[in-house]
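Here is the structure we will look at, set down as structure tokens.
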Amino acid sequence: MSEINAECLDFGKRIKALRTARKLSQAELAELVGVEALAISRIENGDHFVKAETLEALKNAFNISYTELFDFDSKEQEDGRIKTLIAHC
């Protein structure tokens with residue numbers, strides 16, 4: 001598995017963990033974000049990444065920061081990882 005695919009899968013696991021911690025179904029999260037439930041499934045499975053506006057909607061749906069959304073250790077890690085994910089996933 002490439003580093004990029006691993007990043008998408010890690011992000012998907014993070015979205016699923018945030019969703020389940022809030023006791024939301026994929027359909028409920030999809031409604032909050034403004035996407036189809038299938039899109040949430042694909043994101044969680046690492047099959048698909050999101051556009052910038054969907055990232056913003058996910059952040060807002062969970063009421064968290066980007067740092068919390070991506071579970072980063074530092075601002076530098078956040079900047080680099082977001083750019084990599086948007087460019088390649």
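FYI, side chains are in, hydrogens and waters are out, and symmetry mates aren't considered; it's all heavy atoms of this structure. From a predicted model like this one, the values you see are computed outputs, not experimental measurements.
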(Q) Please give me the minimum heavy-atom distance between F11 and L58, naming the atom from each residue. (A) CZ-CD1, 4.4 Å
Q: Among residues two or more places apart or on two chains, list those pairs meeting salt bridge (Lys or Arg N to Asp or Glu O under 4.0 Å) that have a residue in residues 11-22.
A: R19-E44
**Q.** Partners passing side-chain contact (heavy atoms from CB on, under 4.5 Å) against S25 (at least two apart in sequence or in another chain)
**A.** A27, E28
Q: Heavy atoms only: give me the nearest L55-L69 pair and the separation to one decimal.
A: O-CD2, 4.0 Å
Q. Are F62 and I15 close enough that some pair of their side-chain heavy atoms sits under 4.5 Å apart?
A. yes
Q. Can you list every pair that meets salt bridge (Lys or Arg N to Asp or Glu O under 4.0 Å) and has a residue in residues 52-66, with sequence neighbours left out?
A. E56-K59
Let me have the donor-acceptor pairs involving side chains of residues 34-43, under 3.5 Å, with sequence neighbours excluded, atom names and distances please.
residue : atom : partner : partner atom : Å
S41     : OG   : N45     : ND2          : 3.4

Q) Can you name the nearest heavy-atom pair linking L29 to L24, along with the distance? A) CD1-CD1, 4.4 Å
Q. Who are the side chain to side chain donor-acceptor pair (under 3.5 Å) partners of T20, not counting sequence neighbours?
A. none
Q.
Among residues at least two apart in sequence or on other chains, which ones pass side-chain contact (heavy atoms from CB on, under 4.5 Å) with A57?
A. V33
